[in-house]
Visitor: 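Attaching a single structure in structure tokens format; questions to follow.
Naming: A, B, ... by sequence-line order, numbering from 1 per chain.
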There are 2 protein chains.
Amino acid sequence: MASEFDLIRRYFHQATAPRDDVVLGIGDDCALLQVPAGQQLAVSMDTLVVGRHFVPEVNPADLGHKALAVNLSDLAAIGATPAWVTLSLTLPAADASWQTWLTHLMRGFCDLASTHQVQLIGGDTTHGPLSLTIQAHGLVPSGQALRRAGARVGDLIYVSGTLGDAGLALSTQQGRYQSDTTAQAKLQARLDRPSPRIALGCSLRQIAHAAIDISDGLGADLQHLCTASGVGAQIQAVQLPVSAPVHTYLQQTNDWQLPVSAGDDYELLFTAARTSQSQIQQIARDLALPITCIGEITAATTLSMTLPNGSSCPLGAGYDHFAGSN
Amino acid sequence: MASEFDLIRRYFHQATAPRDDVVLGIGDDCALLQVPAGQQLAVSMDTLVVGRHFVPEVNPADLGHKALAVNLSDLAAIGATPAWVTLSLTLPAADASWQTWLTHLMRGFCDLASTHQVQLIGGDTTHGPLSLTIQAHGLVPSGQALRRAGARVGDLIYVSGTLGDAGLALSTQQGRYQSDTTAQAKLQARLDRPSPRIALGCSLRQIAHAAIDISDGLGADLQHLCTASGVGAQIQAVQLPVSAPVHTYLQQTNDWQLPVSAGDDYELLFTAARTSQSQIQQIARDLALPITCIGEITAATTLSMTLPNGSSCPLGAGYDHFAGSN
């Protein structure tokens, strides 16, 4: 059985490309990092537990990708450029089967880290029920971070990408809905391999008034943003950006809960002044990423959505680790 | 049942005193931190899992203290001043009994955080088998961090405090040794409530050539330091600083493995030039903390200890999360 130190050395030490701002990486009591002058440090930490956030038979490469992606998505939401990551891994055993699993996990993790020039700088390896805790560290020019709390009455509300894909993948996977095979492969990739919207977050500095990433579902995350800002929101169901399979699903079921309440999309939700519209359209073109206006910030501190038939419905709460079903 | 958000709000949001360098604390997608000019950021992450690192019936206030203390001890070892901490907590349930447990956990955690002016700035709360992951963040003047890799041949080797107290507490607790009640209370406090040697670590900047904290045991941690530095060490058993109960134990058992191999002491082990002796003695007086010279760094890359009878023994490896018994 490999010792902890062997494991760490083998998988973590040279897992990611070195960065110039890492003074000391894995192997000492602490990692030592150089935050450039004029930059603030943004940090986000998430834990994923087997049986709660992923199934035991998860593809470990997907898990490695997603565990990092959800933290990078938090950096995107605040407008930070990713820099460093720490990983604490709790494994049931260190035998050969787990070493294979770990190799795949680290492949998914490191491929995404490499895409964003993120260096793994430290962490821990312990024995116990399978779980991962990741902390991502990013840099943002001082005073330019995007917060939840900046939305203003009259701001337009935007989302990137499309909504409900991850939710529909889960429904199909669980047998509650039938998508065709090609559609399901695309949806499944959205669920398993979300793309943190880093470039968008950075582009929105000094443009967006408030931002959040959609991890809990549009309704819940819009609620977080509005509560922090002391405002409300009115959104239009027909304006919600959806992929072709979700469009078909909506036509068949009229179930607007899917794009509104399903989490795991990891798109950015943000608000900006009406006068920023053309700048935002230009960003969308530059990034080849759809950015859609879905409604408006209101003074009334309620959240409601106008349905295609003209009726209005309140937006519900979303994902909750303790109270929810995920 | 309280929701995750209720729990976080209630226990974490105002758990620790605010610091001026926290731009944004708990409640947004990321925490946002200001690293002062001329300082480098030191980070250390540890996971503690029930059944592995602590027993289910652990006093939660002790656990809260120790979980933070082990990370602050890593900051001490590198000479950093603690600043911020993130905490990810995985709890089996969120019912009333766990809320009481959590209140006590946070009391132990926050009391120690307060001692060192550390602010809790973020983290996660999830549902699953009980475990905690903590990342501590400290600041150290650029270029002044203490590393494992700086020991030089001829350096004297020092340890702070006393060795083997935590190990003897564990032996007594597990019925393998009998300490008297007063002694056991003191030893138990050393095991349950270790004091991270922050002031010492900061005082040793520009004096120590290499440093590490003793978490795995003197032998194992001296090995880490020597391996990183490409040197060896010769230590004298009779010079090892021990408390009265450990002294009694050694007289009764002649078991030198205890002060050498037992982990969890969280004292600092460091090396310094012979010419720094008087400066180090002054630091010991200023901090009212014993600092003892236990041996010398050698060119031969082996580690050995001279026993009281004049014979020599190699220093063994220590604690290993996968291979070891802890």
Side-chain angles (χ1 to χ4, degrees), chain A residues 1-5 7 23-24 27-35 37 40-53 74-75 77-78 80 86 88 90 93-94 121-129 131 133 135 137-138 140 142 145 147-149 211-213 228 320-323, chain B residues 1-5 7 23-24 27-35 37 40-53 74-75 77-78 80 86 88 90 93-94 121-129 131 133 135 137-138 140 142 145 147-149 211-213 228 320-323:
Chain A
M1 185 182 280
S3 81
E4 175 194 7
F5 303 107
L7 277 173
V23 183
L24 206 54
D28 213 298
D29 290 291
C30 296
L32 200 60
L33 308 162
Q34 187 67 54
V35 174
Q40 289 172 330
L41 175 71
V43 303
S44 167
M45 178 187 257
D46 269 295
T47 294
L48 302 181
V49 180
V50 69
R52 188 78 188 170
H53 303 97
D74 281 324
L75 295 183
I78 208 161
T86 48
S88 182
T90 303
I121 49 138
D124 199 3
T125 319
T126 55
H127 196 157
S131 78
T133 297
Q135 181 163 319
H137 309 69
V140 58
S142 296
R147 305 181 183 198
R148 297 182 179 182
I212 190 169
D213 69 321
D320 185 308
H321 294 294
F322 280 110
Chain B
M1 188 181 279
S3 82
E4 176 195 4
F5 303 108
L7 276 174
V23 183
L24 206 54
D28 213 298
D29 289 290
C30 296
L32 200 60
L33 308 162
Q34 187 67 55
V35 174
Q40 288 171 331
L41 175 71
V43 304
S44 166
M45 180 187 254
D46 269 297
T47 295
L48 301 181
V49 180
V50 69
R52 188 79 188 170
H53 303 98
D74 282 323
L75 295 183
I78 207 160
T86 48
S88 182
T90 303
I121 49 137
D124 198 3
T125 319
T126 55
H127 195 156
S131 78
T133 297
Q135 181 163 320
H137 309 68
V140 58
S142 296
R147 305 181 182 197
R148 296 181 179 183
I212 192 170
D213 68 322
D320 186 306
H321 294 293
F322 280 108

Visitor: Between A:Ser88, A:Ala228, A:Gly122, A:Ser44, who has the most heavy-atom pairs with chain B when the cutoff is under 4.5 Å?
Guide: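 Highest number of heavy-atom pairs under 4.5 Å: A:Ser88.
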Visitor: If you define the side chain from C-beta out and look only at heavy atoms, does anything of A:Leu41 sit under 4.5 Å from B:Leu41?
Guide: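 A side-chain contact exists here, since the closest heavy-atom pair is under 4.5 Å.
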Visitor: Would you mind checking which part of B:Ile78 comes under 4.5 Å of any heavy atom in chain A, side chain (CB onward), backbone (N, CA, C, O), both or neither?
Guide: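 Side chain of B:Ile78 only, per the 4.5 Å heavy-atom cut-off to chain A.
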Visitor: Heavy-atom pairs under 4.5 Å with chain B: which of A:Leu48, A:Thr90, A:Leu24 has the most?
Guide: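 Sorted descending by pairs with chain B, the first entry is A:Leu24.
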Visitor: Could you measure the distance from the CG atom of A:Leu33 to the CD1 atom of A:Ile121? Nearest 0.5 Å is fine.
Guide: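 Reported to 0.5 Å precision, the distance equals 4.5 Å.
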Visitor: If I measure from the heavy atoms of chain A, does B:Ala211 come under 4.5 Å with its side chain, its backbone, both, or neither?
Guide: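 Only the backbone of B:Ala211 comes within 4.5 Å of chain A.
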Visitor: Out of B:Val49, B:Val50, B:Val43, B:Val35, return the one with the most heavy atom pairs under 4.5 angstrom to chain A.
Guide: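 Of B:Val49, B:Val50, B:Val43, B:Val35, B:Val43 has the most heavy-atom pairs under 4.5 Å with chain A.
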Visitor: Could you tell me the separation between the CG atom of B:Asp46 and the CD atom of B:Gln135, rounded to the nearest 0.5 Å?
Guide: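 Atom-to-atom, B:Asp46:CG and B:Gln135:CD are 10.0 Å apart.
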Visitor: Could you tell me which portion of B:Val23 (side chain, backbone, both or neither) has an atom closer than 4.5 angstrom to a non-hydrogen atom of chain A?
Guide: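 Both parts, backbone and side chain.
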Visitor: Looking at B:Ile212 and B:Arg148, what are the two nearest heavy atoms and their distance?
Guide: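 Scanning both residues, the minimum pair turns out to be CD1-NE, 3.4 Å.
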Visitor: Could you measure the distance from the NE2 atom of B:His137 to the NE2 atom of A:His137? Nearest 0.5 Å is fine.
Guide: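 It comes to 4.5 Å.
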Visitor: B:Gln34 and A:Ser142: which non-hydrogen atoms are nearest, and at how many Å?
Guide: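 Residues B:Gln34 and A:Ser142, closest heavy atoms: OE1-OG, 4.0 Å.
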Visitor: Pick one of side chain, backbone, both or neither for B:Ala37, based on which atoms fall under 4.5 Å of a heavy atom in chain A.
Guide: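 For B:Ala37, no heavy atom lies under 4.5 Å from chain A.
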